[in-house]
S.K.: 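Let me give you the structure first, and then I'll get to my questions.
Heads up: numbering here begins at 1 and tracks the sequence. Since this is a predicted model, take the numbers as computed values, not measurements. Remember, it's 1-based here, ligands and their atoms both numbered in the order they're listed.
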Amino acid sequence: MDFSWNQEQKRLFSEVESFARAELSRDLVEADREGSFNRGGWEAMGRFGLPGLPVPREYGGLGCDPLTTVGCLERLGYACADNGLLFSLHAHLWTVVVPLLTLGTREQKEKWLPRLCRGRGIGGNAMTEPNAGSDAFALQTTAQRQGDGYLLNGHKSFVSNAPVADVLTVYATLDARLGPAGITVFLVETGTAGVSVRPINKMGLRTSPTGEVSFADCWVPADARLGDEGAGAFVFTRSMTWERGCILASAVGAMQRVLEMSVKYARQRRQYGQAIGKYQQIASRLVAMKERLEVARLLLYRTAWLLSEKRPAYLEAALTKKYISEAWVATCEDAIQVHGGLGYRVETGLDRELRDALGSRIYSGTNEIQCNLIASLLGL
Ligand SMILES: Cc1cc2nc3c(=O)[nH]c(=O)nc-3n(C[C@H](O)[C@H](O)[C@H](O)COP(=O)(O)OP(=O)(O)OC[C@H]3O[C@@H](n4cnc5c(N)ncnc54)[C@H](O)[C@@H]3O)c2cc1C
């Protein structure tokens with residue numbers, strides 16, 4: 001077992017870090033308050049090729065294997081504190097770019113991937129509905145065959161990137177009586193007649209725009225279908241392995257950043273005549289943060305390695321998502337406690353880190369759903 005990165009990977013990671021520091025830093029207190037998306041940052045990421053990290057160069061991507069991809073995303077999370085911007089990047093990558101790459105036709109890839117990889121198009125995923133959250137396959141959005149295409153009708157209640165997206169993967173049913181076997185996925189351009197987006201407000205990841213999306217007699221051509229009719233459950237399951245396995249790569253970088261900030265503070269801040277890091281209770285929190293970071297990293301790398309090897313990783317992806325999200329939240333809580341009153345002040349940025357982290361226990365399937373899944377894979 002070799003845990004080292006090669007020279008090329010190290011060079012790329014260092015370029016990603018330098019890029020993030022130079023091009024993605026901004027006043028996050030204000031951006032968070034206003035919920036503003038860093039469009040310029042997204043375009044800069046596009047020039048670097050980050051929105052197409054795992055996509056072959058022939059389609060405009062950087063051609064990285066999954067392990068190198070998560071390594072880059074981890075460095076990005078370490079060097080860029082805009083968790084919202086990076087969440088938008090993850091939503092784009094795992095719910096649109098990778099499904100297109102793995103399941104799209106040559107024509108679909110040629111049409112969409114070059115612009116999606118180069119920052120000239122943003123993707124989002126429209127699955128969740130008011131009555132279909134964890135029970136995702138209970139969705140009610142319908143697709144009806146009409147002419148040489150389909151008519152979509154329905155409402156999606158939580159779509160990351162929707163207000164800024166150019167294309168959405170939309171899950172709809174051709175026949176609700178068929179259950180999961182009726183679900184079909186469509187690539188829908190947000191400018192299509194019948195699509196409307198209403199931005200929504202949220203507690204964290206505020207720099208990642210989110211919206212509700214409605215489809216009212218929205219006609220899409222047959223070649224907008226991703227995969228076969230009724231293949232929605234398959235597309236979802238395939239995408240979820242990538243998504244759950246990789247979506248918290250930047251969170252691992254964020255955990256490292258928050259740990260370093262907290263260690264620095266614990267060494268500087270003196271009370272009762274000595275640095276607070278000398279008090280066992282403070283040191284124990286920092287040790288727990290370090291332990292979580294290392295376990296999170298191992299899970300992340302192992303799942304990405306399985307993906308690189310094209311081996312099944314369904315169980316590992318669920319474990320990775322569940323563990324890292326809980327670890328990220330706990331780490332932010334510890335960091336706030338180590339910083340005392342300063343940790344509670346908005347300008348320190350830790351309240352934002354915690355609010356951003358909390359979302360990760362809910363998206364990509366809540367942690368309760370991951371728990372059910374892991375239990376069933378254990379044979380329970
Ligand atoms: C930041 C963020 C980004 C998101 N982005 C997107 C997106 O881009 N596209 C999209 O389609 N959706 C998105 N979602 C929605 C997300 O997928 C859903 O919120 C999630 O699947 C849960 O659905 P729900 O909110 O309806 O909660 P519910 O399913 O109603 O769950 C409520 C509570 O009950 C628990 N629960 C439900 N069923 C079970 C069960 N069987 N066993 C145990 N506990 C259970 C849940 O774990 C949860 O704690 C996003 C959510 C967040 C927070």
S.K.: Dump all N/O pairs between ligand 1 and the protein below 3.5 Å as a table: atom names plus distance, one pair per row.
M.R.:
{"unit_1": "ligand 1", "atom_1": "5 (N)", "unit_2": "Ser160", "atom_2": "OG", "d": "2.8"}
{"unit_1": "ligand 1", "atom_1": "8 (O)", "unit_2": "Ser160", "atom_2": "N", "d": "3.0"}
{"unit_1": "ligand 1", "atom_1": "8 (O)", "unit_2": "Ser160", "atom_2": "OG", "d": "3.3"}
{"unit_1": "ligand 1", "atom_1": "9 (N)", "unit_2": "Asn125", "atom_2": "O", "d": "2.8"}
{"unit_1": "ligand 1", "atom_1": "9 (N)", "unit_2": "Phe158", "atom_2": "O", "d": "3.0"}
{"unit_1": "ligand 1", "atom_1": "11 (O)", "unit_2": "Met127", "atom_2": "N", "d": "3.0"}
{"unit_1": "ligand 1", "atom_1": "11 (O)", "unit_2": "Thr128", "atom_2": "N", "d": "2.7"}
{"unit_1": "ligand 1", "atom_1": "11 (O)", "unit_2": "Thr128", "atom_2": "OG1", "d": "3.1"}
{"unit_1": "ligand 1", "atom_1": "12 (N)", "unit_2": "Thr128", "atom_2": "OG1", "d": "2.7"}
{"unit_1": "ligand 1", "atom_1": "12 (N)", "unit_2": "Phe158", "atom_2": "O", "d": "3.0"}
{"unit_1": "ligand 1", "atom_1": "17 (O)", "unit_2": "Thr128", "atom_2": "OG1", "d": "3.4"}
{"unit_1": "ligand 1", "atom_1": "23 (O)", "unit_2": "Ser134", "atom_2": "N", "d": "3.4"}
{"unit_1": "ligand 1", "atom_1": "29 (O)", "unit_2": "Ser134", "atom_2": "N", "d": "2.9"}
{"unit_1": "ligand 1", "atom_1": "29 (O)", "unit_2": "Ser134", "atom_2": "OG", "d": "2.6"}
{"unit_1": "ligand 1", "atom_1": "41 (N)", "unit_2": "Asn372", "atom_2": "ND2", "d": "3.4"}
{"unit_1": "ligand 1", "atom_1": "42 (N)", "unit_2": "Asn372", "atom_2": "ND2", "d": "3.0"}
{"unit_1": "ligand 1", "atom_1": "47 (O)", "unit_2": "Thr366", "atom_2": "OG1", "d": "2.6"}
{"unit_1": "ligand 1", "atom_1": "47 (O)", "unit_2": "Glu368", "atom_2": "OE1", "d": "2.8"}

S.K.: Show every salt bridge (Lys or Arg N to Asp or Glu O under 4.0 Å) that has at least one partner inside residues 116-136, sequence neighbours left out.
M.R.: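 Qualifying pairs: Glu129-Lys156.
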S.K.: If we check side-chain contact (heavy atoms from CB on, under 4.5 Å) with Arg244, which of these qualifies: Leu319, Ile324, Leu373, Thr320?
M.R.: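 It is Leu373, the one option of Leu319, Ile324, Leu373, Thr320 that forms the side-chain contact (heavy atoms from CB on, under 4.5 Å) with Arg244.
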S.K.: Could you check whether Glu260 and Gln256, counting side-chain N and O atoms only, form a donor-acceptor pair closer than 3.5 Å?
M.R.: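 Note: Gln256 and Glu260 side chains meet the donor-acceptor criterion.
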S.K.: In this structure, would Leu93 and Val164 fall into the same cluster of hydrophobic residues linked by side-chain contacts under 4.5 Å?
M.R.: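 Both belong to a single hydrophobic cluster.
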S.K.: Among pairs that include at least one residue of residues 219-239, which meet salt bridge (Lys or Arg N to Asp or Glu O under 4.0 Å), considering only residues two or more places apart or in two chains?
M.R.: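 Sorted result for residues 219-239: Arg145-Glu229.
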S.K.: Please table the atom pairs, donor to acceptor, closer than 3.5 Å between any side-chain atom in residues 65-77 and protein atoms at least two apart or in another chain.
M.R.:
{"unit_1": "Asp65", "atom_1": "OD1", "unit_2": "Leu67", "atom_2": "N", "d": "3.0"}
{"unit_1": "Asp65", "atom_1": "OD1", "unit_2": "Thr68", "atom_2": "N", "d": "2.8"}
{"unit_1": "Asp65", "atom_1": "OD1", "unit_2": "Thr68", "atom_2": "OG1", "d": "3.0"}
{"unit_1": "Asp65", "atom_1": "OD2", "unit_2": "Thr68", "atom_2": "OG1", "d": "2.9"}
{"unit_1": "Thr68", "atom_1": "OG1", "unit_2": "Gln9", "atom_2": "NE2", "d": "2.9"}
{"unit_1": "Thr69", "atom_1": "OG1", "unit_2": "Asp65", "atom_2": "O", "d": "2.9"}
{"unit_1": "Glu74", "atom_1": "OE1", "unit_2": "Tyr301", "atom_2": "OH", "d": "2.6"}
{"unit_1": "Glu74", "atom_1": "OE2", "unit_2": "Arg297", "atom_2": "NE", "d": "2.9"}
{"unit_1": "Glu74", "atom_1": "OE2", "unit_2": "Arg297", "atom_2": "NH2", "d": "2.9"}
{"unit_1": "Arg75", "atom_1": "NH1", "unit_2": "Gly71", "atom_2": "O", "d": "3.3"}

